[in-house]
Amino acid sequence: MMKTNACIELKDLKLQTQIGTYGPGAIIPKQHLLDLILWIDSALVLISADVMENVFDYDPLVVEINRLAGDGHYETQERLITRIVQACAKYPEISSLEVNLRKLPVSAGSGSLGVRLSVDQTILNDLRTLKPST
């Protein structure tokens with residue numbers, strides 16, 4: 001018996017955010033880019049009628065991610081990633097996810113440096129039972 005998998009992929013979302021503390025002469029990143037893969041039930045992709053009620057509406061999640069990104073200064077990329085994962089956990093349609101946040105440039109006008117996190121269904125379910133932190 002074959003099983004289908006489905007995901008929603010968000011790539012290269014430029015976040016309006018401030019992350020890190022930089023001293024004189026440091027290379028300050030010009031961009032923070034987000035990639036997000038959301039694993040969902042394939043029944044939300046293989047649909048019988050072309051109506052929004054049959055699919056996962058990711059627009060509110062993108063709005064929330066943009067809000068979190070602009071929600072003040074972050075010392076670390078990891079903290080913003082944590083808050084994005086917590087936002088994703090609010091959606092029971094998401095069974096697992098992968099998030100990658102990277103900044104660029106890193107050195108001499110080139111390179112990117114990022115943090116990638118994979119979260120399985122067990123961890124998401126644990127997050128859903130915890131009170132979210134701010």
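Worth knowing before you read on, the calculation uses all heavy atoms, side chains too, and leaves out hydrogens, waters and symmetry mates. Keep in mind that what you see is a predicted model, and the values were worked out from it rather than measured. In what follows, residues are counted from 1 in the order of the sequence shown.
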Suppose we screen for salt bridge (Lys or Arg N to Asp or Glu O under 4.0 Å). Which residues come up paired with Lys30, at least two apart in sequence or across chains?
none
Same apolar cluster (I L V M F W Y, side chains within < 4.5 Å links), Leu80/Leu13
yes
Between Ala87 and Leu68, the two heavy atoms sitting closest are CB-CD1, 4.0 Å
Is Ile37 reachable from Ile40 through a run of I, L, V, M, F, W or Y residues, each pair having side-chain heavy atoms under 4.5 Å apart?
no
Hydrophobic clustering (ILVMFWY, side-chain heavy atoms < 4.5 Å, transitive) - are Ile81 and Leu33 grouped together?
no
Can a donor-acceptor pair be found, under 3.5 Å and without considering hydrogens, that links the side chain of Asn54 to the backbone of Ile47?
no
Counting N and O atoms only, with roles assigned by atom type, does the side chain of Thr17 sit under 3.5 Å from a partner on the main chain of Ala69, one being a donor and the other an acceptor?
yes
State the CD1-NZ distance between Ile27 and Lys103, to the nearest 0.5 angstrom.
10.5 Å
Check the pair Val62, Asn66 against side-chain contact (heavy atoms from CB on, under 4.5 Å), reporting the backbone distance first and the verdict last.
CA-CA 6 Å; Val62 173; Asn66 281 318; 3.8 Å; yes
Side chains of Ile65 and Leu36, heavy atoms from C-beta outward: is any pair under 4.5 Å?
yes
Side-chain contact, heavy-atom cut-off 4.5 Å: Arg128 with Ile94?
yes
Atom CG of residue position Asp50 - does it have more than 12 heavy atoms of other residues, nucleotides or ligands inside 6.0 Å?
no
Could you walk me through whether Asp57 and Met52 pass side-chain contact (heavy atoms from CB on, under 4.5 Å), step by step?
CA-CA 7 Å; Asp57 183 3; Met52 283 300 297; 3.9 Å; yes
Looking only at atom types and distance, does a side-chain atom of Ser95 sit under 3.5 Å from a main-chain N or O of Trp39, one as donor and one as acceptor?
yes
For a side chain to side chain contact (heavy atoms under 4.5 Å, CB included) with Cys88, tell me which candidate from Leu97, Val99, Val119 qualifies.
Leu97
Non-hydrogen atoms of Val45 and Ala6 that approach each other most closely:
CG2-CB, 3.6 Å
Just how far is it from atom CG of Asp126 to atom CD of Gln121, taken to the nearest 0.5 Å?
11.0 Å
Anything under 3.5 Å between a donor and an acceptor, one on a side chain of residues 109-117, the other on a protein residue two or more places apart or in another chain? List them.
residue : atom : partner : partner atom : Å
Ser110  : OG   : Ser107  : O            : 3.2
Arg116  : NH1  : Glu98   : OE2          : 2.7

Nearest 0.5 Å, what's the CG-CG distance between Asn100 and Asp12?
9.5 Å
Donor-acceptor pair, Asp41 side chain versus Leu44 backbone, under 3.5 Å?
no
Hey, mind stepping through Leu61 and Leu38 against side-chain contact (heavy atoms from CB on, under 4.5 Å) and telling me if it holds?
CA-CA 11 Å; Leu61 178 59; Leu38 307 173; 3.7 Å; yes
Taking atom CG of Leu104 and atom CD of Gln31, what is their separation to the nearest 0.5 Å?
5.0 Å
Cys7 vs Glu9 side-chain heavy atoms within contact, under 4.5 Å:
yes
Taking side chain as C-beta onward, heavy atoms only, is Thr21 less than 4.5 Å from Glu75?
yes
Are Lys14 and Gln16 packed together at the side-chain level, in the sense that at least one heavy-atom pair is separated by less than 4.5 angstrom?
yes
Evaluate the side-chain proximity of Glu64 to Ile84: yes if any heavy-atom separation is below 4.5 Å, no if none is.
no
For Phe56 and Tyr91, I'd like to know if the aromatic rings sit close, meaning centre-to-centre distance below 6.0 Å.
yes
Taking the side chain from His73 and the backbone from Gly20, do they hold a donor-acceptor pair closer than 3.5 Å?
yes
Please say yes or no: joined through hydrophobic side-chain contacts below 4.5 Å, possibly via intermediate residues, are Ile8 and Val55 part of one cluster?
no
Is the backbone N or O of Arg67 less than 3.5 Å from a side-chain atom of Asp71, with the two atoms forming a donor-acceptor pair by type?
no
I need the Leu101 CG to Glu78 CD distance, nearest 0.5 Å.
9.0 Å
